[in-house]
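Here's the structure we're looking at; comments come further down.
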Amino acid sequence: MFLEKTVFYYGFEQAELYELTALQRAEYFECIARLLAESEQNTTEAGKGAALVRLNTESNAWLVSRARWNGNREADVEEIYHQILSEWPEKALSQAAEKVMMLSGLDVDVKAEEQREYEAAEGPEVKQSAGS
């Protein structure tokens with residue numbers, strides 16, 4: 001298998017995470033689209049807020065479950081997904097999902113935005129001449 005992997009540490013626990021396969025990356029975007037469509041059915045502000053939290057949690061659990069499954073393909077991926085949803089704290093789930101996104105090259109937009117913010121904070125580059 002050609003997938004990169006890393007070890008994710010949270011407190012005293014650790015978990016091996018693999019990058020997503022090309023097909024899993026495509027399925028991830030399908031998952032996001034499905035979750036977004038479901039969340040748009042909420043009409044109240046409270047409903048929209050709750051749907052956004054659920055979307056974030058479920059999409060992160062989806063990412064982490066596939067990254068864990070890539071290390072043990074004999075396991076049931078849906079079982080891993082539901083175990084992560086029911087047992088992992090939100091902070092660990094967010095941090096692990098971020099690692100999977102970095103491993104899988106899905107954090108490009110985040111990196112580009114961070115670079116733009118950095119460049120804006122630095123301001124225009126000032127070149128000094130040899131005589132100054």
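Computed from a predicted structure; not experimentally measured.
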Answer yes if [X] and [Y] sit in the same cluster of Ile, Leu, Val, Met, Phe, Trp and Tyr residues linked by side chain heavy atoms under 4.5 Å apart, and no otherwise.
| X | Y | answer |
| --- | --- | --- |
| M102 | Y9 | no |
| W62 | L52 | no |
| F29 | L20 | yes |
| M101 | Y10 | yes |

Test Q24 against every option in V100, N70, V77 by the side-chain contact (heavy atoms from CB on, under 4.5 Å) rule and name the one that passes.
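Among V100, N70, V77, the one that satisfies the side-chain contact (heavy atoms from CB on, under 4.5 Å) with Q24 is N70.
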
Counting only N and O atoms by type, is there a donor-acceptor contact under 3.5 Å from the side chain of [X] to the main-chain atoms of [Y]?
| X | Y | result |
| --- | --- | --- |
| S104 | E19 | no |
| W69 | A75 | yes |
| S59 | N56 | yes |

How about Q83: does its CD atom have over 12 heavy atoms from other parts shown lying under 6.0 Å from it?
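Check passes, neighbour count above 12.
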
Are there over 12 heavy-atom neighbours, none belonging to E13, within less than 6.0 Å of that residue's CD?
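No - once you tally the heavy atoms of other residues, nucleotides and ligands closer than 6.0 Å, there are 12 at most.
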
Answer yes when R34 and E38 have at least one side-chain N-carboxylate O distance shorter than 4.0 Å, and no when they do not.
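Salt bridge between R34 and E38, a charged N being under 4.0 Å from a carboxylate O: yes.
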
The test is side-chain contact (heavy atoms from CB on, under 4.5 Å); show your working for E27 and E30 and say whether it passes.
CA-CA 5 Å; E27 290 171 341; E30 290 172 353; 4.1 Å; yes

How many angstroms lie between OG in S65 and NE2 in H82, if you round to the nearest 0.5 Å?
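S65 atom OG to H82 atom NE2 measures 9.0 Å (nearest 0.5 Å).
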
Look up atom CG in L55 and atom CD1 in I32, then write down how far apart they are to the nearest 0.5 Å.
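Atom-to-atom, L55:CG and I32:CD1 are 5.5 Å apart.
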
Test side-chain contact (heavy atoms from CB on, under 4.5 Å) on Y81 and R66 and set out the steps.
CA-CA 8 Å; Y81 170 76; R66 274 44 181 193; 4.0 Å; yes

Tell me, do V7 and L17 make a side-chain contact under 4.5 Å, heavy atoms counted?
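Side chain of V7 against side chain of L17, heavy atoms only: no contact under 4.5 Å found.
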
Check: residues 88-97 side-chain donor-acceptor pairs under 3.5 Å, at least two apart:
from, atom 1, to, atom 2, distance (Å)
E90, OE2, S94, OG, 2.7
S94, OG, E90, O, 3.1

Residue pair I84 / R68: nearest heavy atoms and the distance that separates them
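Closest approach of I84 to R68, heavy atoms only: CD1-CG, 4.4 Å.
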
If you compare all heavy atoms of L85 against all heavy atoms of A61, which two are closest, and at what distance to 0.1 Å?
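Between these two residues, the closest heavy atoms are CD2-CB, 3.6 Å.
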
Might you work through the side-chain contact (heavy atoms from CB on, under 4.5 Å) test for L63 and L106, ending with a clear yes or no?
CA-CA 11 Å; L63 275 173; L106 295 171; 4.3 Å; yes

Who are the salt bridge (charged side-chain N to carboxylate O under 4.0 Å, His left out) partners of K5, not counting sequence neighbours?
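With sequence neighbours excluded, K5 shows a salt bridge (charged side-chain N to carboxylate O under 4.0 Å, His left out) to E16, given in chain and number order.
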
